[in-house]
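Below is one structure, written out as structure tokens, with a few remarks after it.
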There are 2 protein chains.
Amino acid sequence: MLTQRQALILKNIIRIYTQTEQPVGSKHLMNELPIQVSSATIRNDMAKLEEMGLLDKTHSSSGRIPSISGYRYYLDHLLEPSDVSSNDLAIIQQTFNQQYQMIDDIVEQSATILSTLTSYTAITLGPDVQDIKLDGFRLVALGNHQVMAILVTSAGTVQNQIFQVPESISGEDLEKAVRIINDQLVGQPLAVVAKRIQTDVPQMLMKYVSSPKGFLDIFGDVLKKAGSDHFYVGGRLNLLDFANNDVSSVKTLYSLFEKNDDLANLLRLPDFGTGGDSDKIMVRLGDELTPHTLRNYSLITATYDVHNHGRGVIALLGPTSMPYSRIIGLLDLIREELARRLTDYYSNFDD
Amino acid sequence: MLTQRQALILKNIIRIYTQTEQPVGSKHLMNELPIQVSSATIRNDMAKLEEMGLLDKTHSSSGRIPSISGYRYYLDHLLEPSDVSSNDLAIIQQTFNQQYQMIDDIVEQSATILSTLTSYTAITLGPDVQDIKLDGFRLVALGNHQVMAILVTSAGTVQNQIFQVPESISGEDLEKAVRIINDQLVGQPLAVVAKRIQTDVPQMLMKYVSSPKGFLDIFGDVLKKAGSDHFYVGGRLNLLDFANNDVSSVKTLYSLFEKNDDLANLLRLPDFGTGGDSDKIMVRLGDELTPHTLRNYSLITATYDVHNHGRGVIALLGPTSMPYSRIIGLLDLIREELARRLTDYYSNFDD
DNA sequence: TTTAGCACTTAAAGACTTAGAGTGCTAATA
DNA sequence: TATTAGCACTCTAAGTCTTTAAGTGCTAAA
């Protein structure tokens with residue numbers, strides 16, 4: 001356990017290091033502390049903190065920098081989120097007050113705000129798709145053997161895709177098939193639908209339609225799209241600033257941003273779904289981050305809860321040394337705001 | 001005018017510098033030339049080439065590097081495109097042989113191949129939309145006050161967008177409006193359609209529909225999407241390798257890639273549309289590139305001609321020192337291949 | 001427990017040296 | 001006249017040395 005003064009010293013070394021990115025020396029720190037102690041006293045405490053593994057040196061006679069464990073301790077015991085500045089607040093309100101056509105627009109927009117306000121990179125994920133149901137399926141003929149398949153879910157999300165239809169499938173067949181799909185499968189969870197088109201649905205179609213295979217491929221493709229998570233990444237370019245010229249990690253991250261599965265893995269919270277602490281904001285850094293290339297970064301994740309419509313995730317990726325107080329305050333506010341807007345949206349929607 | 005030997009020297013300095021990125025000295029060059037001359041002779045020619053502005057030095061006693069004018073001269077007078085390697089050829093054929101659902105997929109795919117084979121950044125643009133006509137407009141009700149608007153063009157491209165429909169607009173009104181649009185405007189060039197919905201169409205709708213304004217906003221939005229160019233950028237990440245740690249220019253380019261208008265400006269060829277030389281491959285470098293931040297890069301543009309369906313552009317952005325022979329051979333092949341595939345596509349399509 | 005004092009360490013920056021690659025010029029050569 | 005050998009000169013890059021400033025750890029006194 002740290003003495004009060006040691007905690008104060010750790011806290012201030014982290015604060016100063018975040019501002020300057022330079023090792024902090026005892027004399028310099030002396031002038032920055034609210035208490036009056038000599039630099040020798042500070043040196044003694046620093047030595048103890050280093051012994052505990054909370055501080056590091058860049059070389060044997062340098063000032064101290066926080067170690068990963070130091071950040072960990074700070075985050076777990078010392079951090080107090082600060083209030084959002086009135087300036088930031090105004091920006092947030094104003095952005096959320098825009099008119100949106102789709103929920104995904106709101107989720108995407110919150111990634112943009114978050115990255116703009118922090119100069120880091122934000123990742124957001126819409127409310128989870130666990131028990132989303134099929135709300136309807138349409139095929140629209142576009143002429144020239146093209147059709148657009150449209151799938152609407154109970155969450156209000158829409159997926160569409162365009163297909164070249166082989167000559168062998170007739171228009172009437174397609175219409176019949178659509179009718180059967182809607183009659184039989186609307187109202188069922190997407191996961192169930194996905195399973196059934198592998199099992200009993202083909203036979204069901206076989207009775208009325210001459211070539212169910214091509215049709216089911218189309219339906220299956222759109223279904224897959226609708227059933228997978230949709231991530232939004234804001235402030236990709238900010239990465240170039242805080243990546244400290246580490247081109248290889250920038251590349252890793254940029255390609256990671258393009259892959260749904262990798263992003264899902266990155267954001268997956270250790271206790272996701274257990275309920276307990278899941279509305280706490282979590283910070284992971286160093287070896288706690290799973291793709292090992294990211295050990296010089298810090299990832300802050302927060303979930304937001306949309307009343308009766310699942311929960312989503314907003315996250316922020318930045319350097320290990322961030323002004324955590326401000327950042328976490330900000331994240332907390334945006335999380336709440338996003339939850340509120342989405343809850344509003346759905347309450348309109350379900351009327 | 002250069003002597004033969006001077007041309008040989010310039011050509012080889014460019015070749016070696018492209019491989020090593022190091023200034024080329026007279027002794028080193030002596031061993032690389034197919035002719036037997038002393039380093040002193042080479043030095044004399046180098047001095048003359050420098051006087052003409054075709055070579056530069058990095059400092060007073062350094063070897064020579066090509067100047068921008070040197071590249072210009074090389075490109076205009078000395079360059080001979082080389083044949084595509086059988087390996088590259090196989091990759092190109094294989095990629096283009098995939099099954100595509102839409103023409104835009106092919107165009108996008110060619111940006112990917114081009115960037116993969118070169119390790120630079122490729123930009124492609126589909127056949128131009130000058131005299132594309134409206135082929136059809138659909139509104140599909142999705143439930144919960146949402147509709148999807150779909151616009152099909154004579155070029156086979158499809159745009160869609162989802163709208164929240166105000167309660168004030170009724171379903172029958174929308175259907176009537178769609179019917180009028182299709183009756184009156186199908187077959188007309190998009191530009192004409194865009195003009196007419198500002199002039200006589202509103203009055204036309206007014207007779208049958210109670211609130212044409214909201215409807216025309218929707219139609220106008222999708223129309224605008226369909227009428228604007230669609231660029232594809234491949235190999236964005238490669239930029240990080242050849243940008244020589246110039247983060248600011250990387251940022252400029254990345255944001256440029258997101259803006260249709262800026263990309264259009266960048267690719268717009270000085271003689272675009274004049275017909276004459278327009279199927280020549282053009283290289284622009286240094287001050288010839290309009291956003292001044294790009295003066296350290298080289299941009300190669302080539303147009304491809306889709307029989308009876310307009311012409312598009314494929315382009316490659318890389319460092320000033322590229323293996324131009326290989327690159328231009330490659331670009332020429334892909335340009336032809338792309339034109340052929342699209343011509344095939346349309347000939348199927350118009351049956 | 002805190003502090004003053006001091007010897008010691010290290011990185012960063014500047015001065016100096018050296019080696020190596022290259023140039024330009026002159027005078028000899030084919 | 002065009003080419004070449006030879007040589008003095010230039011400049012960078014890399015290494016060594018020195019100095020300075022910031023910082024530490026330890027000891028002994030308060």
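In the text below, chain A, chain B and the rest are named by the order of the sequence lines, each starting its count at 1. Computation of the quantities below employed the complete heavy-atom set of this structure, encompassing side-chain atoms and omitting hydrogens, waters and symmetry-equivalent molecules.
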Nearest-Å distance, CD1 (A/Ile9) to P (C/dT2)?
-> 10 Å
Let me know the distance between CD of A/Gln4 and P of C/dT2, rounded to the nearest Å.
-> 13 Å
Interatomic distance, A/His28 NE2 vs D/dT24 C1' [rounded to whole Å] | 17 Å
Closest non-hydrogen atom pair between A/His28 and A/Ile16, with its separation = CE1-CG2, 4.0 Å
Quick one: do the B/Tyr324 and B/Ser298 side chains pair a donor with an acceptor below 3.5 Å?
-> yes
Any sub-3.5 Å donor-acceptor pair from B/Tyr297's side-chain atoms to B/Phe242's backbone N or O?
-> no
Between B/Ser60 and B/Ser39, whichever has its closest DNA chain D nucleotide further toward 5' is B/Ser39
Could you give the NE2-to-P distance, from A/His59 to D/dG25, as a whole number of Å?
-> 12 Å
B/Met30 CE to C/dA21 P, in whole Å, measures 13 Å
Residue whose closest nucleotide on DNA chain D lies nearer the 5' end, A/Met46 versus B/Arg5 = B/Arg5
Which whole-number value in Å describes the distance from B/Asn44 CG to C/dT23 P?
-> 11 Å
Among C/dT3, D/dT4, D/dT24, the one nearest A/Ser38 by side-chain distance = C/dT3
Value in whole Å for how far the C1' atom of C/dG5 lies from NZ of A/Lys27 = 11 Å
Out of D/dG25, C/dT3, D/dC11, which has the shortest distance to the side chain of A/Ala47?
-> D/dG25
Is the shortest side-chain N/O distance from A/Ser62 to OP1 or OP2 of C/dT10 below 4.0 Å?
-> no
Test item: side-chain donor near acceptor, B/Thr252 and B/Ser249, under 3.5 Å = no
Testing D/dC7, C/dT3, C/dA11 for proximity to the side chain of B/Arg43, the answer is D/dC7
On DNA chain C, check which nucleotide each of B/Ser61 and B/Ala40 is closest to and give me the residue with the more 5' one.
-> B/Ser61
Round to a whole Å and report the spacing from NZ of B/Lys48 to P of C/dT23.
-> 15 Å
Nearest 0.5 Å please: distance from the CD1 atom of A/Ile65 over to the OG1 atom of A/Thr58.
-> 6.5 Å
